[in-house]
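No hydrogens, no waters, no symmetry mates; every other heavy atom, side chains included, goes into these values. None of the values given here were measured: they were computed from a predicted structure. Index from 1, following the sequence. Both ligands and their constituent atoms are indexed starting at 1 by order of listing.
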Amino acid sequence: MEPRPAAPRPRLCDSLGADQTPSASTLNAARAEARPAGRRAPAVAAVLPAGGSGERMGVPTPKQFCPVLERPLISYTLQALERVCWIKDIVVAVTGENMEAMKGIIQKYQHQRISLVEAGVTRHRSIFNGLKALAEDQPDSKLSKPEVVIIHDAVRPFVEEDVLLKVVTAAKEYGAAGAIRPLVSTVISPSADGCLDHSLERARHRASEMPQAFLFDVIYEAYQQCSDYDLEFGTECLQLALKYGHIKAKLVEGSPDLWKVTYKRDLYAAESIIKERISQHICLIMDTKDENHVGHRLEEVLKDELNHVKVTSRLPCHTGRDLDQIVSEQCYSYVCVNVMTSDFEEIRKLVNMLEESNLSILYPVVVISVYFLDYKSVPFDQKMENLMQIREYAKEVKKRNILLCGLLIYYPQVFYPPQDPSCLT
Ligand SMILES: Nc1ccn([C@@H]2O[C@H](COP(=O)(O)OP(=O)(O)OP(=O)(O)O)[C@@H](O)[C@H]2O)c(=O)n1
Ligand SMILES: O=P(O)(O)OC[C@@H](O)[C@@H](O)[C@@H](O)CO
């Protein structure tokens, strides 16, 4: 087993999640349920098989390393599991030839709690290698044996804490548990001559997805007893627990986002989902606390469209504290609405804060600086000079995954009839 890479700098904790991310009270209740009175929560580890070649993706790069928004797919899955604080170890099985690349990903994106093991020639063998790293009967094992182990494909990036908690809670009670989804197509059985032999009643069957969870001893003993045929051709861990451990896994309905990236179209879908999620988190920054600030009109419009709009006002004298609060909101799109000020240095300070927070390591960060200026009080060429500064600076920060743009709204300083405030939007 490869030693854990050196602990990188403090990693930002990304709070992004799909809409179904459970509330803290939900999780606390489920944790309490998972923890019989007086008993400690189970020690939980995860094994991520990531040793495939991605043949069906049809590209030279194994799909787990294919870029999504210029970041390897596996990094999103690692981030999803790292967001779950009660998973103490994450063991990733990669091929020897991809070991260095995997270490580089861990370092660049500051992943933590990751241990690497050599993958096998099949998915089951990769998973078995990951389990061996957690079993304490192995000579080079550096990890403590968990009570419950999660098995999750590295190419299923959209896994949320709630389904992980459900399968772990169920595995503790039943010995094994797995996420399932309704079938989209009907399953049929062909005869030897390539004709239909029979079809399965779709409503009575389900698709087996990931994550799955097991009492560690149940699945580890199943793999130790596994036939070579099963290791070579099997695709279902739940079946191993049934066949070798006589454990009937508890089936847990999963969300639609649990699908596995298999074909190229799945990468495009993954990118769209990620873009949609990060674009839902917007932070509006205004340059005064004035409640009549035009930014509040924009806030109303955005709140009608988006789920997470944070608003803050940044007075020049309190820039440091307000900017810290802004960055802590973990947004990835910032709209700075400037009516009173149009100080380029303010934008530079914000961009520097965003960069120092490492936000732009995980996702591209968008900063839109909007200037409202009365064209009678400010000469046009002076303001355009400001925008030109932003344009040059934007070229520089784009290399650091921060997309900066400026918008100048020049308007005559006239009185808008109160019955028509929409003129300002
Ligand atoms: N020898 C293998 C084969 C697969 N996997 C992993 O098992 C997961 C699910 O397998 P699959 O989608 O089949 O991945 P590939 O085998 O890479 O895909 P393909 O069958 O298209 O080659 C993936 O994270 C893959 O990296 C693995 O760890 N070791
Ligand atoms: O068969 P593949 O290697 O493409 O993927 C493995 C899947 O079969 C597996 O992840 C789920 O079906 C649950 O076992």
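With ligand atoms numbered from 1 in the order given, ligand 2 contributes 10 (O), 13 (C) to contacts under 4.0 Å with heavy atoms of M210. Taking every non-hydrogen atom of Q212 and a distance limit under 4.0 Å, the qualifying atoms of ligand 2 come out as 13 (C), 14 (O). Shown in contact with R56 at under 4.0 Å from a heavy atom are these atoms of ligand 2, numbered in order with element: 2 (P), 4 (O).
Side chains of N129 and E118: a donor-acceptor N/O pair is absent below 3.5 angstrom, by distance only.
Residue-level contacts of ligand 1 at the 4.0 Å heavy-atom threshold are P49, A50, G51, G52, S53, G54, E55, R56, K63, Q64, G120, V121, T122, R123, S126, D153, A154, V155, K260.
The heavy atom nearest to atom 9 (C) of ligand 2, out of those in E209, R123, R181, H152, is found in R123.
The side-chain hydrogen bond (donor to acceptor under 3.5 Å, both in side chains) check on E221 picks up nothing, with sequence neighbours excluded. With sequence neighbours excluded, the residues forming a side-chain hydrogen bond (donor to acceptor under 3.5 Å, both in side chains) with E232 are R125, listed by chain and number. Evaluation of the side-chain hydrogen bond (donor to acceptor under 3.5 Å, both in side chains) rule for S272 yields no partner, not counting sequence neighbours.
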Between F214 and L238, is the side-chain contact (heavy atoms from CB on, under 4.5 Å) condition met? List the steps.
CA-CA 9 Å; F214 305 82; L238 301 181; 3.7 Å; yes
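Using a 4.0 Å cut-off between heavy atoms, Q239 makes no contact with ligand 2 at all. Only side-chain heavy atoms of K260 come within less than 4.0 Å of ligand 2; its backbone N, CA, C and O stay farther off. Only the side chain of D153 comes within contact range of ligand 2, with a heavy atom under 4.0 Å; no backbone atom does.
Atom 14 (O) of ligand 2 has its closest protein heavy atom at E236 OE1, 3.0 Å.
Of all heavy-atom pairs spanning A133 and L143, the tightest one is O-CB, 3.8 Å.
Annotation: cation-pi pair K264/Y268 absent, no NZ/CZ under 6.0 Å from the ring centroid and within 45° of its normal.
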